[in-house]
Amino acid sequence: MNRARGQKVSKSLKIVASMLVATCVSPGFDQAGARAQETQTPLDEFPFIVMCKVKSSYLAFHLSRVTKDHTAIYLASDNMVGKITLHGHAEAVGGAGGGNCLGKTLDDLRASGQARFVKSQ
């Protein structure tokens, strides 16, 4: 009788184990994605690079920081600085220099191909 109980327990464990394996390898289960969502920072909400044409040059403004109020600060060569919020428009800081990025929203920058995001692996 003990053997029969052991076989039932063993069979139950095999069923539970196979269910766990099926869940973990199913297309809808993404452990890495779940972890990435948990560790998302305000930096992840903004493009890493914004490309702008200023006069006759193309500049790559890189994301430098995001403030408490979710304003992203971007830097380019020649000490050019720009900023944008999640729902606001791109602005030059400390003078002109934003070129064809000025006044655009993040959606506008994405649509025009000027916003580049870094994707986690």
Side-chain angles (χ1 to χ4, degrees):
M1 285 199 160
N2 287 343
R3 188 173 227 177
R5 270 193 207 153
Q7 288 176 345
K8 285 183 182 179
V9 170
S10 176
K11 188 174 182 179
S12 297
L13 288 175
K14 285 181 185 177
I15 291 171
V16 170
S18 64
M19 287 171 39
L20 285 172
V21 168
T23 301
C24 290
V25 296
S26 69
F29 186 82
D30 183 9
Q31 263 186 325
R35 270 187 257 126
Q37 286 177 349
E38 290 172 12
T39 60
Q40 190 174 17
T41 70
L43 293 170
D44 298 322
E45 298 174 321
F46 293 93
F48 185 68
I49 298 288
V50 176
M51 296 175 297
C52 306
K53 184 176 181 184
V54 180
K55 297 182 184 173
S56 62
S57 297
Y58 290 89
L59 298 175
F61 286 80
H62 68 275
L63 181 60
S64 176
R65 69 179 170 156
V66 177
T67 64
K68 288 180 187 177
D69 66 348
H70 292 264
T71 298
I73 308 298
Y74 287 87
L75 304 174
S77 61
D78 300 328
N79 297 320
M80 290 186 175
V81 179
K83 69 178 183 174
I84 193 167
T85 62
L86 287 174
H87 304 292
H89 294 72
E91 301 174 28
V93 176
N100 69 347
C101 290
L102 287 178
K104 290 186 177 180
T105 65
L106 286 175
D107 288 337
D108 295 336
L109 293 168
R110 274 189 208 100
S112 66
Q114 292 173 271
R116 302 292 168 96
F117 290 82
V118 175
K119 298 194 183 215
S120 300
Q121 297 278 330

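Keep in mind it's a predicted model, so treat the numbers as computed, not measured.
- The cluster map of Ile, Leu, Val, Met, Phe, Trp and Tyr, joined by side-chain heavy atoms under 4.5 Å apart, puts Phe117 and Val66 in different clusters.
- With sequence neighbours left out, Thr71 forms a side chain to side chain donor-acceptor pair (under 3.5 Å) with Asp69.
- Remark: Arg116 CZ to Phe48 CZ distance equals 13.5 Å, nearest 0.5 Å.
- Heavy atoms from other residues, nucleotides or ligands lying under 6.0 Å from CZ of Arg65 number 12 at most.
- Using a 4.5 Å cut-off between side-chain heavy atoms of Ile, Leu, Val, Met, Phe, Trp and Tyr, with links allowed through other members, Val54 and Tyr58 fall into different hydrophobic clusters.
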Would you mind writing out the side-chain donor-acceptor pairs for residues 99-106 within the sub-3.5 Å range, not counting sequence neighbours?
residue, atom, partner, partner atom, Å
Asn100, OD1, Lys53, N, 2.7
Asn100, OD1, Gln114, NE2, 3.2
Lys104, NZ, Asn100, O, 3.3
Lys104, NZ, Gln114, OE1, 2.5
Thr105, OG1, Asp107, N, 3.4
Thr105, OG1, Asp108, N, 3.1
Thr105, OG1, Asp108, OD2, 3.2

Show the atom names and distances, to 0.1 Å, of all donor-acceptor pairs under 3.5 Å that link a side chain in residues 73-86 to residues at least two apart or in another chain.
residue, atom, partner, partner atom, Å
Tyr74, OH, Pro47, O, 2.7
Thr85, OG1, Gly88, N, 2.8

